[in-house]
Amino acid sequence: MITVRELIEVAGMDTTAVLAGEAFLDKELRGVTSFDSPDGHRWLRPGEFVLTTGFPFVAQGRETASGLIQLIDALAERGTTGFAIKLGRYVDALPEAVIARAIDRQMPVLSFPMEKGWSDVIVPVTSYINAKQRQELDRTHVIYERFHRHLTSGGGVENLAELLHRVLERPVSIYLRTPRKRLDVPATVTHAPPLEKLLGRTGPNVSTREPLTRYRDRHLIRWLLHHGETQGAILLWEVERDLHPWEKVAIEQTAALLSLEIERHQTVAASCQRFRNDFLHLLVAGCDGSRDLLYRKAEEAGWSLADHYAATVLSDAGAPDIMHTWKERAALLEALRSEWEHISPSVLCGLDRENRILLLFPADAGAAEPSPEAVESVKRIARRHTRPLCLGIGRLHPGLEAVPHSYREAVIACRAALNAVPTAPAGGQSAPLVVRWFARLGLERVLFAASPEQEARRLADECLDSLSRYDRERNGQLVRTLRAFLEADGNHAAAAEKLFVHKNTVKYRLQLIRELTGLQPECGRDQLLFRIALTVRSAG
C-alpha cells in the first residue's frame with residue numbers, strides 16, 4: 001500500500017502539483033492506471049489512482065466544469081483514491097466548481113507534468129508498491145516466527161501480552177473469563193474500559209464479520225468467542241489509524257493462542273467439574289465413610305471443606321431442546337463458579353443427579369440458612385438466564401453429616417418454586433426468577449416432597465418432639481394445649497374452657513410452644529403445619 005503523498009514523492013513530483021484535496025493525501029492506493037475513454041472508469045478497481053488528459057470529458061463541446069465534475073463523481077463511485085490530469089493540453093486550469101466537488105468527494109487531484117509519460121509514474125510507483133509488499137511479507141514472516149517460538153517454548157498468557165506489546169509498540173490489555181485474568185502491559189495502564197462485565201455473554205454479531213472493531217471510537221478491540229459467547233478480549237489503546245496487515249497478523253496470532261488457552265482451560269475445568277459433581281453426589285447422599293474420607297476427596301476436587309453448609313438448588317422450567325437446556329445450565333454453572341472461585345472456604349457448586357445446579361454455602365453453626373449476600377449473588381447471575389429459573393433454599397443443619405437434610409429441603413423448595421413459575425413473562429419483561437425458602441413453606445413442603453408421607457412424619461418430629469420432651473420432663477401439657485387450641489380454631493377462651501385452665505395459662509403455654517418450635521400457633525400457615533403434625537402423630 002502507498003499513500004497519495006508517497007506517490008507524489010516517488011513519481012518525482014512536488015507539492016505544488018496538488019490542485020485539490022490536499023487534506024486527503026494520506027489516502028492509500030493499491031495501484032496506478034491511466035485511461036482516456038469516456039467509459040474507462042467502468043473497469044477500475046477500488047483503490048486505484050488514475051492518470052488522464054481529461055480529453056473525453058471536455059471534448060464534443062462539453063463544458064469543462066461539468067465534464068470534470070462528472071469524472072470526479074464516476075471515480076468516487078468506483079472507490080478511486082484520486083487522479084492526476086495533464087493541464088495545458090485539453091484543460092488549461094481546474095475550475096473552482098471542480099475543486100469544490102473534489103473536496104466534497106474527498107478526491108485528491110494532482111497536476112501531471114507535461115514532460116512526463118504515463119510510464120514515468122506507473123513503473124516507479126508499481127516498483128515501490130512491490131517493494132513495500134515484500135517488506136510486509138518479510139515482516140509478517142518475522143511475526144509468525146516470534147509467535148511460533150512463544151508457542152514452542154511454552155510461554156504463558158502473561159508472556160503473550162508482553163510479546164504483543166513489544167510487537168505493536170503500544171499499550172495492550174488482555175481480558176480472559178476462563179481462566180479469569182486481566183493483563184495490562186505496561187502495568188501502568190489505568191482506567192481501562194469495564195469489559196469484564198461483557199464477558200460470558202452472547203458474542204457481538206460484528207465479530208463474526210470483522211474481527212477488529214472500534215470501541216468507544218478510541219480503542220480497537222478483538223473479541224475472543226467460544227461457542228458463541230465472549231470469553232475474552234484484546235484491547236489496543238488509543239488507535240486512531242487503520243492497522244497495517246502485519247499488525248493484524250500479530251493480533252490474530254495472539255487471539256489464536258488465547259483461544260487455545262481458553263479451550264484448554266475449559267476442557268480441564270469440565271473434567272474437574274465432573275469429579276466435583278461425583279463428590280457432591282457422595283456428600284448429599286450421606287457418606288457412610290469417615291470424615292477423613294470426605295476431607296481427602298474434597299482436597300482431590302480442589303475444595304476446602306467447611307464445618308457446616310446450607311444447600312440451594314437452582315433449576316430452570318425446562319425446554320423441549322434438552323441439549324440446549326444442558327448447555328445453558330453448564331454456562332450458568334460456570335458463571336457461578338467463576339463468581340466464587342476465590343472464596344475460602346469454597347462455595348461448593350456442581351450438578352446433582354437430576355442435572356440441577358447444586359450450591360452448598362458455608363455458614364456459621366448458628367445461621368438458619370445461607371447468608372442474604374450469598375442468595376443475592378445467585379440472583380444476580382441467574383437473571384442473565386433466558387428462561388424462568390427456580391431457586392430452592394434449604395435450612396442449615398449443623399455438621400457435614402446433615403448436608404443431605406439441607407439438600408432434601410432445597411429440592412422440595414425448588415419444586416415449590418417450579419410450581420409457582422408463571423406460564424409466560426409479561427411482554428417486554430425478562431424471564432422471572434422464582435425463589436422459595438424451605439423454612440417458609442407451609443403445606444408445600446409435604447405436597448412437593450418426593451415422599452409426602454415421609455415428609456409429613458419428619459414435619460411431625462420437628463414440630464412435636466421438643467414439645468413431647470418438655471411434657472415428659474416437666475409434666476407439662478403443651479401438646480394437649482396445642483391440640484385444644486387448634487380444635488377451638490385459635491380461640492384462647494374456648495381452649496382454656498376445654499382444658500379447665502385460665503385463658504392466660506393457655507397464652508403462656510403457646511408462648512412456650514413458640515420458643516421451642518420456632519412456629520407461631522396463632523399464624524394460619526403454622527397452624528396448618530401443626531395440624532398435619534398432630535394428625536400424623538395420632539395416626540402413628
Side-chain angles (χ1 to χ4, degrees), residues 1-36 40-41 43-55 57 68 71-72 74-96 98-143 167-170 239-250:
M1 301 288 283
I2 179 177
T3 65
V4 178
R5 193 182 306 278
E6 290 175 291
L7 178 143
I8 293 174
E9 181 178 352
V10 172
M13 303 162 65
D14 55 48
T15 55
T16 61
V18 181
L19 302 176
E22 186 173 3
F24 313 114
L25 296 182
D26 290 321
K27 294 180 68 174
E28 292 185 333
L29 54 99
R30 300 179 181 273
V32 180
T33 188
S34 64
F35 73 82
D36 265 332
H41 62 275
W43 289 274
L44 292 177
R45 291 175 299 176
E48 286 188 311
F49 190 88
V50 171
L51 309 177
T52 182
T53 63
F55 170 74
F57 304 96
L68 292 179
L71 170 63
I72 290 172
L75 295 181
E77 293 298 325
R78 300 298 296 182
T80 303
T81 54
F83 70 95
I85 186 170
K86 279 192 175 184
L87 295 181
R89 190 170 182 187
Y90 301 108
V91 179
D92 294 327
L94 215 60
E96 290 297 328
V98 176
I99 294 175
R101 180 57 66 91
I103 294 173
D104 181 61
R105 300 304 295 263
Q106 300 184 7
M107 178 75 64
V109 182
L110 309 181
S111 174
F112 192 88
M114 184 65 70
E115 68 277 7
K116 285 183 177 290
W118 301 142
S119 60
D120 294 332
V121 173
I122 295 176
V123 173
V125 170
T126 302
S127 299
Y128 183 82
I129 292 175
N130 290 338
K132 288 194 69 174
Q133 289 177 339
R134 283 195 298 272
Q135 292 176 358
E136 192 74 47
L137 288 174
D138 291 341
R139 194 157 191 178
T140 300
H141 178 72
V142 171
I143 296 296
V167 169
L168 299 182
E169 297 181 346
R170 67 176 58 253
V239 181
E240 297 181 356
R241 61 171 176 83
D242 292 334
L243 296 180
H244 297 297
W246 64 268
E247 292 175 309
K248 294 181 180 179
V249 167

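Only a predicted model underlies this, so the values are computations on that prediction, with no experimental measurement involved. One-based numbering along the sequence shown.
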Closest non-hydrogen atom pair between Ile143 and Ala250, with its separation:
CG2-CA, 3.8 Å
Step by step, work out the side chain to side chain contact (heavy atoms under 4.5 Å, CB included) result for Leu29 and Glu48.
CA-CA 6 Å; Leu29 54 99; Glu48 286 188 311; over 6 Å; no
Please tell me if the side chains of Leu19 and Leu110 come closer than 4.5 Å, counting only heavy atoms from C-beta onward.
no
At their closest point, which heavy atom of Lys27 faces which heavy atom of Gln106, and how far apart are they?
NZ-O, 2.9 Å
Which residue is it: Thr126, Ile122, Ile129? I am looking for the one with a side-chain contact (heavy atoms from CB on, under 4.5 Å) to Val32.
Ile122
Rounded to the nearest 0.5 Å, what separation is found between the CZ atom of Arg170 and the CG atom of Leu243?
7.0 Å
Taking C-beta and beyond as the side chain, do Leu68 and Ile85 meet within less than 4.5 Å on heavy atoms?
yes
When rounded to the nearest 0.5 Å, the distance separating CG of Leu71 from CE of Met107 is 8.0 Å
Could you check whether any side-chain heavy atom of His41 comes within less than 4.5 Å of a side-chain heavy atom of Phe35, counting everything from C-beta outward?
yes
Assess whether side chain to side chain contact (heavy atoms under 4.5 Å, CB included) is satisfied between Tyr128 and Ile2, documenting all intermediate values.
CA-CA 8 Å; Tyr128 183 82; Ile2 179 177; 3.2 Å; yes
Is a side-chain donor-acceptor pair under 3.5 Å present for Thr3 with Asp26?
no
Which atom pair, heavy atoms only, marks the closest approach of Ile99 to Ala20?
CG2-CB, 3.9 Å
To the nearest 0.5 Å, what is the distance between CZ on Arg105 and CG on Leu75?
10.0 Å
For Phe49, is there any backbone N or O sitting under 3.5 Å from a side-chain donor or acceptor partner on Thr80?
no
What do you reckon, is CD of Glu28 surrounded by more than 12 foreign heavy atoms closer than 6.0 Å?
yes
Do you know the tightest heavy-atom contact between Phe112 and Lys86?
CD2-CE, 3.2 Å
Could you go through the side chain to side chain contact (heavy atoms under 4.5 Å, CB included) check for Phe83 and Thr52 one step at a time?
CA-CA 7 Å; Phe83 70 95; Thr52 182; 4.1 Å; yes
Output yes when Glu247 and Arg139 qualify as a salt bridge under the 4.0 Å nitrogen-oxygen rule, no when they do not.
no
Show the nearest heavy-atom pair for residues Arg30 and Pro46, with the distance to one decimal.
CD-O, 3.6 Å
Can you give me the closest heavy-atom contact between Thr53 and Val91, atom names plus distance?
O-CG2, 4.3 Å
As a quick check of understanding, evaluate side chain to side chain contact (heavy atoms under 4.5 Å, CB included) for Leu87 and Asp92, giving each step before the final call.
CA-CA 5 Å; Leu87 295 181; Asp92 294 327; over 6 Å; no
Decide yes or no on salt bridge (charged side-chain N to carboxylate O under 4.0 Å, His left out) for Lys132 and Glu6, but give the supporting numbers first.
CA-CA 12 Å; Lys132 288 194 69 174; Glu6 290 175 291; 3.6 Å; yes
